Each structure stands twice: as C-alpha cells, then as structure tokens.
2 protein chains.
Amino acid sequence: MTLSEEDYIKAIYHLGKGENTTVSTNAVAEQMETKPSSVTDMIKKLSDKGVANYKPYKGVSLTEYGQKIALSLVRKHRLWEVFLVENLNFSWDEVHEVAEQLEHIKSEKLVDQLDKHLGFPQVDPHGDPIPSKKGEFKKTIKKLLNEVPVGTSGICVGVKDSSTPFLKFLDKNDISLGDTVLVMEKEEFDGSLNIKIKEKIIHISNQIAANLYLKITE
Amino acid sequence: MTLSEEDYIKAIYHLGKGENTTVSTNAVAEQMETKPSSVTDMIKKLSDKGVANYKPYKGVSLTEYGQKIALSLVRKHRLWEVFLVENLNFSWDEVHEVAEQLEHIKSEKLVDQLDKHLGFPQVDPHGDPIPSKKGEFKKTIKKLLNEVPVGTSGICVGVKDSSTPFLKFLDKNDISLGDTVLVMEKEEFDGSLNIKIKEKIIHISNQIAANLYLKITE
DNA sequence: ACAAATATTTAGTTTTATCTAAATATTATT
DNA sequence: AATAATATTTAGATAAAACTAAATATTTGT
Ligand SMILES: [Mn+2]
Ligand SMILES: [Mn+2]
Ligand SMILES: [Mn+2]
Ligand SMILES: [Mn+2]
C-alpha cells in the first residue's frame, strides 16, 4: 500500500469507529481534508485492491483484509506515540503529527522490536488501546465524565479529543491519565462540574468533561 | 523536499564523496537505479529549487543549501541506524533498508531527541561519522587494510562496503569494529593477508582487506 | 580530423493522486 | 409527487516521477 492509500484506510476505519460500519464519501473527504471526487477515485482503487467494499452512492466499508491493514497501522501509530513520549521527551500533544509519518515505515521487525523495547504497552499516551500483532485488543469499559452521575468516582483513562488545545488545557490544570476523579457537583444550567482530583476541587465545563474518559471504580 | 528529491540529493552527495564534486548524470542514474533521462528531469528541478548546480552535459553538484540538506539526511540516516542496533536488536546488516525510510521523517525535535537518547554517538554501526546538527564532523584518519604494510597494527574502525554479504562474512569470521588487528603476512601473488585478530590468526583475501578500515596505532 | 562509441538530453507516454466544473443520484421539504 | 437541497460521481486537467525511443552532444580511437 502507498502512504496515501494507507491514510485513506485509516480514515475509513476511524470514521467507522473501529466497527465495520459503512461511511460516506463526504465524511472521508472531510477527514482527509480533500475533495469528495478524490475520495471516489481512491475508494474505487481500494475496492479493486480488495481492501474496501464500495457500492456507488452507498458509501464504503473495509473488507477483512482492509481491517487488518487498518489495525496494523493503528498499532504502529500508537506504538510510535508511546516511544516518543517514553523515550524522546515528547509531550502527549506533540506526538500525533510525527506518528502520522512513522506509521508508514515498512518493517515487521521494526514494529515487533519497538513493541518489545517499550515493554508491550497496552495503551498509547492518550489512553487509546494498542492492537496486538494479531490485531486484537480489549476495549476497556469507560464512560465520558459528563455522562456519569454525581458521586461517581473513577480513574481518568483516556481523552476523546486529542487536539493540542485540549491536551494543553489538561496539562495546565494538572489533569493526567491515571488520576482519580470524584464528581462532586453538577450544575443544571450548563452541565459544568465540580470534580475532586489530586486532593483539589476544580471546576470544569461540560465541554471538557465530554472529552475525558473515566474507568468507574465506585 | 519530497522523498524522491531527498534521495537524489543524498546520491549526489555520496557520489561526490562528501566533497563538492561534480557528478555525471549516468553515475546518479546507476546509484539511484533509474534511467538517465529521469535523472536529467530531476536535476533540472533541483537546480530550479536552488539545491543543485546544473550545466547541461557538464554534470551536477550541490549548492551550499543542497550540501546542508544532504548532511541533515546523512545525520538522520546514521542516527536511526545506531538506534536500530543499540535499542532494537537489529544487526548491522539489517539497518540500511529501514534507515533509508526513517531518514525522511520530518521533525527537528525527533532528530535532536534521538541524538540525545543515544548519547550523541559519533559513528554509525558501520563506522561512518555522524554529522552534528550543524553538519560538522571530523573525519578520522583511517586506511584500508590492504594498503598498509606488513607489521602494521590498528583498530578496525569501519567498512567501505556495507552490503549484507560482506557484513555477514565479517560476523561469521568474528571480525567486529573495535577489534585490534595486526598484519602478519602478505601474499605477493594475490594480495591476501594473514592477520591476527582476537588472539587468532586468520587468512583473508585482498578483496576483504580492501573493504575494512583501520585506524593505525603502530 | 573524422568516425565510432558513449553520454546526455528531448519528446512523448504512463501512473498516481490530486483538483474543478458539470452531470447525476439521493434525500428532504413542501 | 414534484421540487429543492444535498451528496456523489464523471469528465477533463494538472503535477510529480517514472519510462522508452529518438535526437544531439561529447569523448575516444584511429
Ligand atoms: Mn499517516
Ligand atoms: Mn494517540
Ligand atoms: Mn531514503
Ligand atoms: Mn551506515
């Protein structure tokens, strides 16, 4: 697969939320920051290659083979992200762009050895699971912080949005993955929350809460 | 620069032996395993971009700017090679192909942090010097093993040929960089040598000796 | 100095990945 | 059910990087 084909495969995979959902041409175009006509061309090619199922006007989905390729790319992307943070002093908001390049490097040995070198990590710096070599991963049960009732306590295990502004916000407010969070109070009017984290009580907007995943402990 | 442009720049750099020599179209074509007509197109483009000096029928050389790019690529290539050997259990004959891809990853922070992570290595697994961020490196005085007189003793510091067959040969015969070598005897007829290495005396052909660099100690 | 051999460039194609503009299909609205 | 809005595809064009075949320039050998 070419770099471009690989990025399309990943886009279809992510838009389908990892399940094998059919996604629209326009959705792919938006994700790839390209034009719908370019997408049509590409998904025809992917279809010819046996990577995607394409019915004109009906959207596109990945074949089993396509799913495998997607999972391998996700695996590589997330392993490189771990490497950048763990070994090269990158912060979690700086890794995506570089991993977007590194995921296309072709070498099975490289990936396997990287995995080993990092101690077979289960999640990337944003809390997203890393598929095994065979493409398997367990999805941990997690809930968005704005959807749990007051009184819920849990561990912060991931972010939904991994854009730089959001991650920088979390850094600034000293919120990290692994922190224990207790929902103290919820404002009816705007859905904002008072949460206890690291012995401090802080106030966060609903929009922030809607992008933080919690593994509920109690 | 595109990946392809970068590989051409490196080819011109290496054919010019690092000095700013003019190299022929055909030489570049052979190095790049491509056709001379493709080279003509590319060096015109590099010339337009201010990377190369090109006079039709007179060959091509790098501008200062081109030299800088070449050195940055060589730096990245060799740092990645060190990483693969030191951290990911690659052997020295497996690294080139992967480094050929990794050298094109664009991230200044990545390179600087990789350099730091590796402890600012001075040479790659084949004994070739790693340019500093500014593009500087000292070339160590080294001689090919087949060109030194009998009785010379030195340390094996590099290989001229870094093809897999040659490197595998050295592995098989337990010859590594850093080993002390003493030239015992030289056969007039075929230029083959008896050398003492790691307390053992072994016989090597002139062709082998012609690809091993020695830093002379005595 | 001329012819032959070699090196290099030019002209014209191909493939990949993109684009714009126009055509067509699907979905939503009255 | 017809029309309007939206989504998608088709047609045709462009740029990058390669190729082949033919033309031209340079170098070599006599
Ligand atoms: Mn990518
Ligand atoms: Mn991630
Ligand atoms: Mn390369
Ligand atoms: Mn090397």
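Every chain is numbered from 1 and lettered A, B, ... according to where its sequence line falls, protein lines coming before strand lines. A quick note: this is a predicted structure, and the numbers were derived from the prediction, not measured.
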Q: Could I get the full list of ring-ring contact (aromatic ring centres under 6.0 Å, His included) partners for Phe166(B), not counting sequence neighbours?
A: none
Q) Does Lys109(B) count as lying over the ring of Phe90(A), i.e. NZ or CZ under 6.0 Å from the six-ring centre, within 45 degrees of the axis? A) yes
Q) So does Tyr54(A) get a side-chain nitrogen or oxygen closer than 4.0 Å to the phosphate oxygens (OP1/OP2) of dT8(D)? A) no
Q. Just how far, in rounded Å, is P of dT8(C) from CD of Glu30(B)?
A. 12 Å
Q | Interatomic distance where CG belongs to Leu46(A) and P belongs to dT16(C) [whole Å] | A | 12 Å
Q) For residues 31-39 of chain A, which residues have at least one heavy atom under 4.0 Å from DNA chain D? A) Pro36(A), Ser37(A)
Q. Whole-Å distance between dA7(C) C1' and Lys55(B) NZ?
A. 18 Å
Q.
Taking only side-chain N and O atoms of Asn26(A), does any of them lie within less than 4.0 angstrom of OP1 or OP2 on dT6(D)?
A. no
Q | First encountered from the 5' end of DNA chain C, between Pro56(A) and Leu3(A) | A | Leu3(A)
Q.
Under 4.0 Å, counting only non-hydrogen atoms across every strand here, what does Thr40(A) touch: a base, just sugar-phosphate, or nothing?
A. base
Q. Roughly, in whole Å, what's the span from NZ in Lys58(A) to P in dT8(D)?
A. 10 Å
Q.
OP1 or OP2 of dT16(C) versus the side-chain N and O atoms of Thr2(A): is any pair under 4.0 Å?
A. no
Q: Please collect all side chain to side chain donor-acceptor pair (under 3.5 Å) contacts where either partner lies in residues 17-31 of chain A, sequence neighbours excluded, each pair once.
A: none
Q. Can you say whether the rings of His117(B) and Phe83(B) are parallel (under 30°), tilted (30 to 60°) or perpendicular (over 60°)?
A. tilted
Q) When the nearest nucleotide of DNA chain C is assigned to Ser4(A) and to Ser24(B) on a heavy-atom basis, which residue is associated with the more 5' position? A) Ser24(B)
Q: Please determine if a side-chain N or O atom of Lys44(B) lies less than 4.0 Å away from the OP1 or OP2 oxygen of dT10(C).
A: yes
Q) Quick one: Ile43(A) CD1 to dT18(C) C1', roughly how many Å, whole number? A) 15 Å
Q | Atom-pair distance (CG on Asp41(A); P on dT20(C)), nearest Å | A | 13 Å
Q.
Among Asp128(A), Leu71(A), Val123(A), Ile130(A), exactly one meets side chain to side chain contact (heavy atoms under 4.5 Å, CB included) together with Phe137(A). Which residue is that?
A. Leu71(A)
Q) More than 12 heavy atoms of other residues, nucleotides or ligands under 6.0 Å from NZ of Lys35(A): is that the case? A) no
Q) Any side-chain N or O of Tyr57(A) less than 4.0 Å from the OP1 or OP2 oxygen of dT6(D)? A) no
(Q) Tell me if the CD atom of Gln207(B) is crowded by more than 12 foreign heavy atoms within 6.0 Å. (A) no
